[in-house]
Amino acid sequence: MKTTLLACETLRNEIEAVIEKNHLELDLCWIESGLHNTPKKLHTRLQEELDSISGCDRLLLGFGRCGNSVLGLRTGDYETIFPRIEDCISLFFGSDEARSTYGREHAAIYMTEGWLRGESNLFAEYDHMLKKYGRETAESLIEMMYGHYRELALLDTGVYPIEKLYEQTSGLENIIKLKRVCVPASLEYLQQLLTGPWDEKRFWRIPPHSEITI
């Protein structure tokens, strides 16, 4: 059975680690990470990829609901499987519930090396505001957007030195003024997506030639 994985570039480090560990043979398609902030554009981009996929029996989606960007997608001549979660953060926590519990207790925003590498990371966001509005307004906007958070949670997925991520995010403390903390993350859910079994409590299984209406 031929399997294709369509996933967000944000997850590339972790996905490649799981593939290598389990000696998997998958056709890989990557979606640029910057589309997460605009679910309609992400939906359109996902549909373009779904329409272009052929010759596979099973499609694994390395996405959650992602702002309902998967809602209404039309599948092709293959079964489609993806996790029952909101987004990649929940994937690393193991569930939406575990992610929500941590968020309520710590008022955190999250980052991995993959998110930092993406086109719409916090550094890029601040730099755009700085150029467009000037320092005073940019700092005010950042305060409005992130002032209610207390922590910048660096997710340690185990596929890169967490010290490197601390070094890469050192300047963020001066921008968003959040305490950086290391939070252990898990690849168990991601591995189950890539290898199965796909329990219906954790995964959506969409038949061929269907519309995703979760």
Side-chain angles (χ1 to χ4, degrees), residues 4-15 29-53 59-76 80-104 106-126 128-129 141-142 144-149 151-155 157 176 178 183 185-186 189-190 192-194 198 200-206 210-214:
T4 297
L5 172 67
L6 177 59
C8 178
E9 275 276 359
T10 301
L11 299 175
R12 182 185 282 265
N13 288 347
E14 288 75 20
I15 285 174
C29 299
W30 302 103
I31 297 290
E32 53 271 28
S33 60
L35 297 176
H36 276 93
N37 293 333
T38 50
K40 288 185 179 180
K41 290 183 180 180
L42 177 56
H43 174 92
T44 299
R45 184 73 178 85
L46 285 169
Q47 188 63 64
E48 290 173 354
E49 287 296 328
L50 293 184
D51 292 342
S52 70
I53 291 172
L59 174 67
L60 306 176
L61 273 180
F63 290 87
R65 293 183 294 276
C66 296
N68 281 336
S69 59
V70 300
L71 187 64
L73 289 175
R74 301 177 305 280
T75 67
T80 301
I81 300 173
F82 64 101
R84 290 177 178 257
I85 52 172
E86 176 54 40
D87 54 27
C88 301
I89 300 169
S90 296
L91 190 67
F92 290 135
F93 271 94
S95 68
D96 285 335
E97 292 75 16
R99 177 258 185 94
S100 295
T101 297
Y102 186 91
R104 285 193 301 269
H106 296 267
I109 57 175
Y110 307 92
M111 184 167 292
T112 66
E113 197 277 336
W115 279 310
L116 188 63
R117 190 179 62 242
E119 303 92 336
S120 298
N121 62 60
L122 288 173
F123 283 114
E125 193 170 34
Y126 177 71
H128 171 74
M129 293 179 183
L141 289 172
I142 288 291
M144 289 172 59
M145 295 170 64
Y146 300 106
H148 59 291
Y149 293 105
E151 293 182 358
L152 176 61
L154 307 181
L155 300 183
T157 64
I176 58 177
L178 298 179
V183 178
S186 172
Y189 207 155
L190 181 60
Q192 192 173 356
L193 170 64
L194 271 57
W198 298 284
E200 64 177 10
K201 294 181 179 180
R202 304 192 81 189
F203 295 93
W204 297 101
R205 300 189 68 161
I206 310 299
S210 299
E211 180 175 325
I212 297 178
T213 58
I214 58 172

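Keep in mind it's a predicted model, so treat the numbers as computed, not measured.
At least one donor-acceptor pair closer than 3.5 Å links the side chain of Q47 to the backbone N or O of R74. A donor-acceptor pair under 3.5 Å is formed between the side chain of W198 and the backbone N or O of L193. Judged purely by atom type and a 3.5 angstrom limit, T38 has no side-chain atom pairing as donor or acceptor with the backbone of K40. In this structure, the side chain of S95 engages the main chain of A98 through a donor-acceptor pair within 3.5 Å. No side-chain donor-acceptor contact under 3.5 Å links T4 to the backbone of L59. With hydrogens and angles ignored, the 3.5 Å screen pairs a side-chain donor or acceptor of T101 with a backbone N or O of E97.
Rounding to the nearest 0.5 Å gives a distance of 10.5 Å between CE of M111 and OG1 of T10. Within the model, atoms CG of L61 and SG of C8 stand 11.5 Å from one another, a figure rounded to the nearest 0.5 Å. Taken to the nearest 0.5 Å, the SG atom of C29 stands 11.5 Å off from the CG atom of L60. Between the CD atom in E9 and the OG atom in S33 there is a gap of 7.0 Å [rounded to 0.5 Å]. Between the OG1 atom of T80 and the CG atom of L73 there is a distance of 9.0 Å, given to the nearest 0.5 Å. Atom CD1 in I85 sits 4.0 Å away from atom CG in L91 (nearest 0.5 Å).
Salt-bridge formation is detected for the pair E86/R65: a Lys NZ or Arg NE/NH1/NH2 atom is positioned less than 4.0 Å from an Asp or Glu carboxylate oxygen. Between D96 and R84 no salt bridge is recorded (no basic side-chain N to carboxylate O distance below 4.0 Å).
Contact detail for V70 and G64: the closest heavy-atom pair is CG1-O, 3.5 Å. Of all the heavy atoms in S90 and R99, the pair that sits closest is OG-NH1, 3.4 Å. Nearest heavy-atom pair across M145 and H148 is O-CE1, 3.2 Å. Contact detail for E14 and T157: the closest heavy-atom pair is OE2-OG1, 2.8 Å. Minimum heavy-atom separation, W115 to C88: CZ2-CB, 3.8 Å. The shortest heavy-atom contact between G67 and P39 is O-CB, 3.6 Å.
Judged by distance alone, the side chains of E151 and Y110 never bring a donor and an acceptor atom under 3.5 Å apart.
Between I212 and F82, the closest side-chain pair of non-hydrogen atoms falls below 4.5 Å. L6 places a side-chain heavy atom less than 4.5 Å from the side chain of L50. The closest side-chain heavy-atom distance from I176 to I109 is below 4.5 Å. Using a 4.5 Å cut-off on side-chain heavy atoms (C-beta onward), F123 and L116 make contact. Under the 4.5 Å side-chain criterion, counting only non-hydrogen atoms from C-beta, Y126 is not in contact with L141. Contact annotation: the side chain of F63 approaches that of I31 to within less than 4.5 Å [non-hydrogen atoms, C-beta and beyond]. Residues I142 and M129 are in side-chain contact: their nearest non-hydrogen atoms beyond the backbone lie under 4.5 Å apart. Using a 4.5 Å heavy-atom threshold, the side chains of F92 and L11 count as touching.
R202 meets the side chain to side chain donor-acceptor pair (under 3.5 Å) test with E188, Q192; sequence neighbours excluded. For Y102, the ring-ring contact (aromatic ring centres under 6.0 Å, His included) test picks out F93, H106, with sequence neighbours left out. N13 is linked by a side chain to side chain donor-acceptor pair (under 3.5 Å) to E113, counting only residues two or more places apart in sequence or in another chain.
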Open item on the list: Set out, in order, the CA-CA distance, both residues' side-chain angles and the distance that settles side chain to side chain contact (heavy atoms under 4.5 Å, CB included) for K41 and R45, then state yes or no.
Closed with: CA-CA 6 Å; K41 290 183 180 180; R45 184 73 178 85; over 6 Å; no

Task: I15 vs L194, side chain to side chain contact (heavy atoms under 4.5 Å, CB included): CA-CA, chis, key distance, verdict - done: CA-CA 8 Å; I15 285 174; L194 271 57; 4.2 Å; yes

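Residues Y189 and F203 bring their aromatic ring centres within 6.0 Å.
No more than 12 heavy atoms of other residues, nucleotides or ligands lie within 6.0 Å of CD in E200, so this atom counts as exposed by the packing criterion.
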